[in-house]
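Everything on this sheet refers to the single structure shown next.
Since this is a predicted model, take the numbers as computed values, not measurements.
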Amino acid sequence: MDESDLSMAQPSNSSLAGDGWRTVTTWPAVERPPALWVWLTHTGSLTQKLRTLVEDAFHVQVLRETGIELAAEDARLLGVPSDSPAQLREVYLCGAQPLVFGRTLAAKHGAAQWLEQLGARPLGDRIFAEQGAVRGEIEVKQVTAPEALYLDAVRGLSEPPTMLWARRSVLSVQTARLLIYECFLPGVDV
């Protein structure tokens, strides 16, 4: 599974609190972005779906890997106490340009070693190779400045859009839980 995949759920200490996150089924059809909705609701491997789109140009650009303390909302989603130590990994999933910004969090006593061992490999390849991987419910949100998720997602873009569609979900593999945020960048909705 990638920074995104499995069946259907946030990041570091930031202003990402639960405000505005809604489950896929609660989004009115008239508010859904037509071309992007199939990407936002995709429950399989986002890595594989992007590879199909860009073929051999697919690659992962690691932006940041570090230890952090979990914000209250992220800790709640991972089922651990607030301020728990965690591992953070941020990447761009790319073709000729970045297509998806991915942020993954894992509690230090949980799945942190999964993130620490990846290097430039996509998380999706690692997760989907495991038996019994399950994605929790997918939640979707429009993100804009000054939200930390938006600012981190557009930091490396020369012409950032004013708004991004994002999704989050918790991926569980055995006893490991990973919180995945994905922001869809211009070019992915083709």
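Note: Leu179 CG to Glu73 CD = 9.0 Å, rounded to the nearest 0.5 Å. In this structure, the separation between CD on Gln142 and CD on Glu147 is 10.0 Å, given to the nearest 0.5 Å. The line from CG of Leu171 to CG of Leu123 is 7.0 Å long, rounded to the nearest 0.5 Å. Atom CG in Leu105 sits 8.0 Å away from atom CD in Glu90 (nearest 0.5 Å). The CD atom of Glu139 sits 11.5 Å away from the CH2 atom of Trp27 when rounded to the nearest 0.5 Å.
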| query | Could you walk me through whether Asp125 and Arg51 pass the side-chain contact (heavy atoms from CB on, under 4.5 Å) check? | reply | CA-CA 11 Å; Asp125 287 352; Arg51 278 189 177 120; 2.8 Å; yes

| request: Assess whether side-chain contact (heavy atoms from CB on, under 4.5 Å) is satisfied between Leu93 and Val60, documenting all intermediate values. | output: CA-CA 5 Å; Leu93 302 177; Val60 174; 3.8 Å; yes

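Here the side chains of Phe58 and Leu99 are not in contact, with every heavy-atom distance at 4.5 Å or above. Using a 4.5 Å heavy-atom cutoff, the side chains of Lys49 and Val100 are not in contact. You'll find the side chain of Val188 reaches within 4.5 Å of the side chain of Leu50, heavy atoms only. Looking at Leu53 and Trp39, their side chains come closer than 4.5 Å, going by heavy atoms from C-beta outward. By the 4.5 Å heavy-atom criterion applied to side chains, Thr66 and Ile68 are counted as neighbours. No side-chain heavy atom of Leu164 sits less than 4.5 Å from a side-chain heavy atom of Leu149. Within the 4.5 Å cutoff, no side-chain heavy atoms of Phe101 are placed close to those of Val154.
Heavy-atom minimum distance, His59 versus Gly95: CE1-O, 3.1 Å. Contact between Glu65 and Gln87 at its shortest, heavy atoms only, is C-NE2, 4.0 Å. In terms of heavy-atom proximity, Leu151 sits nearest to Pro146 at CD1-O, 3.4 Å. Contact between Trp37 and Val140 at its shortest, heavy atoms only, is CZ3-CG1, 4.2 Å. The two atoms that bring Cys94 and Val54 nearest to each other are O-CG2, 4.2 Å, heavy atoms only.
In this structure, the side chain of Trp165 does not engage the main chain of Leu36 through any donor-acceptor pair within 3.5 Å. Looking only at distances, no side-chain donor or acceptor of Arg89 sits under 3.5 Å from a matching main-chain atom of Val62. Tyr92 places a side-chain N or O within donor-acceptor distance of the main-chain N or O of Ala153, the cut-off being under 3.5 Å. Of the possible donor and acceptor atoms, none in the side chain of Arg167 sits under 3.5 Å from a partner among the backbone N and O of Ile138. Without hydrogens or angle criteria, Gln97 side chain to Pro186 main chain gives a donor-acceptor distance under 3.5 Å.
Residue pairs meeting the salt bridge (Lys or Arg N to Asp or Glu O under 4.0 Å) criterion with at least one member in residues 20-33, sequence neighbours excluded: Arg22-Glu31.
Under the side chain to side chain contact (heavy atoms under 4.5 Å, CB included) criterion, Val80 pairs with Leu70, Ala75, Leu78, Ser84, Ala107, His109, sequence neighbours left out.
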